[in-house]
Amino acid sequence: MGVSAMGMMVTARRIEATADEIRYEFGFEDRFDRVLTIDPRTLEAGVDDGEFNSAAGAITVKIVKAWRSSGEFPATMMYAS
């Protein structure tokens with residue numbers, strides 16, 4: 001059974017915002033055990049552990065959509081499927 005069949009909830013909180021990068025702690029539910037970095041100029045994203053999986057992709061899409069809508073990177077974000 002795949003992740004989408006089981007559903008998932010990924011949460012993130014912004015921990016740093018500079019001109020060069022926006023950093024979020026993120027993980028499943030409230031376990032913030034990974035770090036996502038987004039370049040605010042290019043919107044390229046990466047994770048500190050090098051495993052850009054479906055959870056990282058899902059929360060990145062939500063964060064970038066919020067940024068496009070409001071012009072600011074959100075302090076917190078949640079993705080649920």
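All values below were derived from every heavy atom in this structure, side-chain atoms included, with hydrogens, water molecules and symmetry-related copies excluded. Along the sequence shown, residues carry numbers from 1.
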- What one should report as the nearest heavy-atom pair of M78 and K62 is O-CE, 3.3 Å
- Donor-acceptor pair, side chain of S81 and main chain of M8, under 3.5 angstrom: yes
- Message: Tell me whether the count of non-hydrogen atoms from other residues, nucleotides or ligands lying under 6.0 Å of CD in E44 goes above 12.
- Response: no
- Message: Check this for me: R41, atom CZ, are more than 12 non-hydrogen atoms of other residues, nucleotides or ligands nearer than 6.0 Å?
- Response: yes
- Query: Of all heavy-atom pairs between I38 and Y24, which one has the smallest distance, and what is that distance?
  - Reply: CD1-CE1, 4.4 Å
- Sidechain-backbone polar pair: S69 side chain, K65 backbone, donor-acceptor under 3.5 Å: no
- Note: A12 and F26 closest approach over all heavy atoms is CB-CB, 3.7 Å
- Between D20 and P40, the two heavy atoms sitting closest are O-CD, 3.4 Å
- Note on the structure: When rounded to the nearest 0.5 Å, the distance separating CG of D49 from CG of D33 is 8.5 Å
- Message: Applying a strict under-4.5 Å side-chain criterion to I, L, V, M, F, W and Y, I'd like to know whether V61 and I22 cluster together.
- Response: no
- Mind checking whether L43 and F52 sit in one hydrophobic cluster, side chains of I, L, V, M, F, W, Y counted as touching below 4.5 Å? yes
- Task: Kindly work out whether a path of hydrophobic side-chain contacts (I/L/V/M/F/W/Y, heavy atoms less than 4.5 Å apart) joins V47 to F32.
- Result: no
- Item | Closest approach of A55 to V10 (non-hydrogen atoms, all atoms of both residues) | CB-CG2, 3.8 Å
- Does one hydrophobic cluster hold both V35 and V64, with members joined at side-chain heavy-atom distances below 4.5 Å? no
- Please test T76 against R13 for side chain to side chain donor-acceptor pair (under 3.5 Å), starting from the C-alpha separation and ending with a verdict. CA-CA 4 Å; T76 60; R13 62 183 172 203; over 6 Å; no
- Please confirm whether R14 makes a cation-pi placement over F73, using NZ or CZ under 6.0 Å from the six-membered ring centre and within 45° of the ring normal. no
- Message: Run L36 and R23 through side-chain contact (heavy atoms from CB on, under 4.5 Å) and show every step you take.
- Response: CA-CA 6 Å; L36 170 74; R23 293 172 56 86; over 6 Å; no
- Charged N-O contact under 4.0 Å between R34 and D48: no
